[in-house]
Amino acid sequence: MKLLLLMRHAHAEDRAATDFDRPLSDRGLAEADAVGDALAEANLLPDVVLASPALRTATTAQRVAARLPGAPPVQTVPTLYCAGIAEHRAALQTCGNADAVLLIAHNPGVADHLAELGGVPIPCPPATCVAFEIPVDDWANLGPHVEATEVRRVGG
């Protein structure tokens, strides 16, 4: 059994030179810290954090990870920028035998993935993080339409 923490990045500024370069707003900085604190308090601790390299997402990941015991490493994965479920799954499949993974990306991909895992649409405002138990022994075995069990929702 593995733990997947699937999160949408925290609230970002509306404008920047490019969409990729949009920073977190002050509200988003506080949201990211709050999600990290809530995950730590709930003992939902990832071994690794995967994040889109977009500024708002990478910053969310770094701030969340910094609030967790042991500050798990953050890996930016270029294919997670504006990704869908297939790209999420491909990134997760590289995590081997890690017990818990936090994946932070963008909508609509995160909302679509949450709906697939939860079986129903799940509201997904910025900083939404949902923890699922995934019945696989190795992330490489993660396939489509896995039967996941929701454990907890944080943020959003």
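Only a predicted model underlies this, so the values are computations on that prediction, with no experimental measurement involved.
For Arg67 (side chain) and Ala32 (main-chain N/O), no donor-acceptor pair under 3.5 Å exists by modelled atom type. Under the 3.5 Å distance criterion, the side-chain polar atoms of Ser25 are matched with a main-chain donor or acceptor of His11. Between the side chain of Asn107 and the backbone N or O of Gly109, no donor-acceptor pair lies under 3.5 Å. When atom types are taken as modelled, the side chain of Arg8 and the backbone of Cys124 share a donor-acceptor pair closer than 3.5 angstrom.
Residues satisfying the salt bridge (charged side-chain N to carboxylate O under 4.0 Å, His left out) test with Glu133, not counting sequence neighbours, are none.
Residue His88 forms a side-chain contact (heavy atoms from CB on, under 4.5 Å) with just one option from Leu117, Leu6, Val77, and that option is Leu6.
We find that Glu116 and Arg89 are joined by a salt bridge, their nearest charged nitrogen and carboxylate oxygen being less than 4.0 Å apart. A salt bridge does not link Asp37 with Arg63: every distance from a Lys NZ or Arg NE/NH1/NH2 to an Asp or Glu carboxylate oxygen is 4.0 Å or more.
Between Ala10 and Gly28, the shortest heavy-atom distance links the atoms CB-O, 3.2 Å. Residue Pro69 comes nearest to Ala40 through the heavy atom pair CD-CB, 4.0 Å, listed as atom of the first residue, atom of the second, then distance. Arg22 and Glu13 get closest at one heavy-atom pair: NE-O, 2.7 Å. Between Thr128 and Pro123, the shortest heavy-atom contact is CG2-O, 3.9 Å. Between Val74 and Ala65, the shortest heavy-atom contact is CG2-CB, 3.8 Å. Minimum interatomic distance between Ala83 and Glu87 (heavy atoms only, all atoms of both residues): CB-CB, 3.5 Å.
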Stepwise side-chain contact (heavy atoms from CB on, under 4.5 Å) check, Arg152 with Leu44: CA-CA 9 Å; Arg152 175 134 186 207; Leu44 297 170; 4.0 Å; yes
Leu29/Thr59 under side-chain contact (heavy atoms from CB on, under 4.5 Å): CA gap, chis, key distance, verdict: CA-CA 8 Å; Leu29 294 169; Thr59 303; 4.2 Å; yes
Pair Cys129-Leu102, side-chain contact (heavy atoms from CB on, under 4.5 Å): steps then yes or no: CA-CA 9 Å; Cys129 182; Leu102 170 57; 4.2 Å; yes
Test side-chain contact (heavy atoms from CB on, under 4.5 Å) applied to Leu39 and Val64, step by step: CA-CA 9 Å; Leu39 293 176; Val64 170; 4.1 Å; yes
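To the nearest 0.5 Å, the span separating OG1 on Thr60 from NE2 on His9 amounts to 7.0 Å. Taking CG of Leu5 as the reference point, atom CG of Leu3 lies at 4.5 Å (rounded to 0.5 Å).
Between Asp137 and Met1, the closest side-chain pair of non-hydrogen atoms is not below 4.5 Å. Between Pro46 and Leu68, the closest side-chain pair of non-hydrogen atoms falls below 4.5 Å. Contact check for Trp139 versus Leu4: side-chain heavy atoms found under the 4.5 Å cut-off. Looking at heavy atoms from C-beta onward, Leu80 lies in side-chain contact with Leu50 at the 4.5 angstrom threshold. Val49 has its side chain out of reach of Gln75: every pair of non-hydrogen atoms, C-beta onward, lies at least 4.5 Å apart. By the 4.5 Å heavy-atom criterion applied to side chains, Val48 and Cys95 are counted as neighbours. For the pair Ile122/Arg153, a side-chain contact is recorded, criterion being any heavy-atom separation below 4.5 Å from C-beta on. Counting only heavy atoms from C-beta outward, the side chains of Lys2 and Val101 never approach each other to under 4.5 Å.
Judged as a side chain to side chain donor-acceptor pair (under 3.5 Å), the pairs with a partner in residues 40-55 (not counting sequence neighbours) are, in order, Ser52-His106. Pairs engaging residues 91-104 under the side chain to side chain donor-acceptor pair (under 3.5 Å) rule: none recorded [sequence neighbours left out].
Ile134 is connected to Leu92 through a chain of hydrophobic side-chain contacts under 4.5 Å among Ile, Leu, Val, Met, Phe, Trp and Tyr, so both are in one cluster. Follow the hydrophobic side-chain contacts under 4.5 Å out from Val110 and you never reach Tyr81; the two are in separate clusters. A continuous path of hydrophobic side-chain contacts links Leu45 to Val35 [ILVMFWY only; heavy atoms under 4.5 Å]. Clustering ILVMFWY residues whenever any of their side-chain heavy atoms sit less than 4.5 angstrom apart, transitively, puts Val146 in the very cluster that holds Phe132. Taking hydrophobic clusters as Ile, Leu, Val, Met, Phe, Trp and Tyr residues chained together by side-chain heavy-atom distances below 4.5 Å, Leu114 shares a cluster with Leu103.
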